Amino acid sequence: MKMMSEMWTTMGSTLASFMFLWTIMRQYCPYGVQRFLEKYTHRIMSYFSPYIRISFHEYMGDRLKRSEAYAAVEAYLSANTSKSAKRLKAELGKDSSNLVLTMDEYERVTDEHKGVKVWWVSNKVMSPTRSSMSYYPEQERRFYKLTFHNKYRDLITESYLEHVMREGKEIRLRNRQRKLYTNSPGYKWPSYKQTMWSHIVFEHPATFETMALEPEKKKEIIEDLITFSKSKDFYARIGKAWKRGYLLHGPPGTGKSTMIAAMANLLAYDVYDLELTAVKDNTELRKLLIETTSKSIIVIEDIDCSLDLTGQRKKKADKLSDEETDKDVVGRKEAKEEGGSGSKVTLSGLLNFIDGIWSACGGERLIVFTTNYVEKLDPALIRRGRMDKHIQLSYCTFDGFKVLANNYLKLQTHPLFDTIKRLIEEANITPADVAENLMPKSPMDDPHKCLSTLIQALEKAAKAEELEQNCPIQHEQLLQQNGSIKENGELPPDKAVNQCQL
Ligand SMILES: Nc1ncnc2c1ncn2[C@@H]1O[C@H](COP(=O)(O)OP(=O)(O)OP(=O)(O)O)[C@@H](O)[C@H]1O
Ligand SMILES: [Mg+2]
């Protein structure tokens, strides 16, 4: 027994002397010798030590790509252990308004998993560049080192590390700056440019809470979206690409574009706003698709204005048909001006884009089409499986009005609500119009004034509605004379009703 303890003491002091010597030498040795000594010290140490160490290096190989694992560990440690660390690094966060704290170099923190303690150290080494040009500076190689006892090897390498990676990735996703991408019309991509999309930071404030929608419909859409975002395994099991198509249809100003922003904010997805008229042909469409990332929404707005969905491009008719709206004209004009007239994207190209083999790359994507005229679309384009969920957005209901009154005027109830409830059921007024009427126009406008303005607009719209039903011809003539009632509310309804009576 005594011999054993003497042996341990001797070994311990030898090791201590060796470590001391090593620390001194390390400072004065050339880099090659340092590496050599380091290698053998580690071998000797690990022979005696019951601890396991795992390193997570910031850059793998040629410093081209930052390691995902390192970034996940960094996010995990920043969220979970920065309170216990004593030396921290501060950096500006995603919107440059908040500071993000992470462990400083050589700092050490402990973490616990299922009752087992582990240690994390943030570290860096200097390594010379491989270049023979001696004036290149040394490169810093940062890494995190995880240390734990050998007897917990399985627990840590399987369960703990999986937990760190999962949580770290989630934190990174939550904290990342989301982007709004667009394929610029008529833009010629230089060959050195890596991507066909240009982007800005996505900062739309719309949420489902601020959307004027019936509560049940809102709940159903939110549940559908959240179920989709959590169904990776389900999609894999049934052998289907992890994507879902939404068709949003309804009159102008009913919240289709607003809903896309709310969807992106709910799921923390990026948005790819695809301008079809600016896409040269099917090949370019496929290239654009391949460049989109997962956790994104690919949007094609006003799909009926972009393509002739019977399979050919729309003819550039000089005369507009009666049903065409301003948007149709604008869309077509822009297509012409921006070189879109040369676009050869076909319906089959678009169908391939939605559910061809390539559409599966990336995963976790929503494809959203919007239109004012769902009946104009080719059934092949919007059949279930392509556009899985059809959402009709319509005129404002009383429930929708209450959301807007709360948003714009911070009102949950008011004596004028009863009048508005009665009128809003008779009139076809869009949430955009309601919102515009509720918006205070001067600092003097109190909630009562705003609600009264809305009541006037509702009365006009209700009268116009009545006229449309009873005397459609006069209504049409008046619309032509005075412009759309629904759009500007300028039509004098008294005059209209009088004409009808005559
Ligand atoms: N359901 C809604 N809830 C809250 N605000 C709405 C809603 N619908 C419209 N709005 C308001 O009206 C404005 C216009 O709405 P939006 O652009 O979403 O309409 P749209 O249906 O996309 O119209 P279009 O068919 O002309 O593109 C928005 O900026 C928003 O403020
Ligand atoms: Mg829109």
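All ligand and atom numbering here is 1-based and tracks the order in the structure. If you read the sequence from its start, that first residue is 1, and numbering goes on from there. If you're wondering where the values come from, they're calculated on a predicted model, not measured in any experiment.
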So for ligand 1, is Leu404 a polar contact partner (N or O within less than 3.5 Å, distance only)? no

In terms of relative ring orientation, are His204 and Phe202 parallel, tilted or perpendicular, with 30° and 60° separating the classes? parallel

Examine Ala212 against ligand 1 and note whether any of their N/O atoms are separated by less than 3.5 Å. yes

Judged on heavy-atom distance to atom 25 (O) of ligand 1, which of Lys256, His249, Lys218, Glu301 sits nearest? Lys256

Ligand 1 contact by Thr210, heavy-atom criterion under 4.0 angstrom: yes

Closer than 4.0 angstrom, basic N to acidic O: yes or no for Glu291 and Lys287? no

Look only at interatomic distance and state if Gly250 has a nitrogen or oxygen under 3.5 Å from any nitrogen or oxygen of ligand 1. no

Any carboxylate oxygen within less than 4.0 angstrom of a Lys/Arg side-chain nitrogen, looking at Asp445 and Lys441? no

Which atoms of ligand 1 are found less than 4.0 Å from any heavy atom of Met211? 1 (N), 2 (C), 3 (N), 4 (C)

If you compare Pro431, Ser394, Ala262, Pro252 by their heavy atoms, the one closest to atom 7 (C) of ligand 1 turns out to be Pro431

Closest contact, heavy atoms only, Trp242 versus Phe228: NE1-O, 3.0 Å

A student checking ligand 1 against Asn372 at a 4.0 Å heavy-atom cut-off should list atoms 25 (O)

Can you confirm, on distance only, whether ligand 1 has an N/O atom lying under 3.5 Å from any N/O atom belonging to Thr258? yes

Take the angle between the ring planes of Phe398 and Phe417 and call it parallel below 30°, perpendicular above 60°, tilted in between. perpendicular

Answer with yes or no whether Leu213 contacts ligand 1, where contact means a heavy atom under 4.0 Å from a ligand atom. no

Judged by atom type as modelled, is there a donor-acceptor pair below 3.5 Å linking the side chain of Asn183 to the main-chain atoms of Trp197? no

Determine, using heavy atoms of Ala435 and all atoms of ligand 1, whether some pair is separated by less than 4.0 Å. no

Contact (N/O only, under 3.5 Å) between Asp302 and ligand 1: no

Passes side chain to side chain donor-acceptor pair (under 3.5 Å), Thr371 versus Asp304? Steps please. CA-CA 6 Å; Thr371 179; Asp304 52 304; 2.7 Å; yes

Examine all N, O or S atoms of Thr370, backbone included, and report whether one is under 2.8 Å from the Mg ion (ligand 2). no

Side chain, backbone, both or neither: which part of Ala432 comes within less than 4.0 Å of ligand 1 when only heavy atoms are counted? both

Can the ring centres of Tyr272 and Tyr181 be said to be less than 6.0 Å apart? yes

Less than 4.0 Å between a side-chain N and a carboxylate O, is that true for Asp355 and Arg383? yes

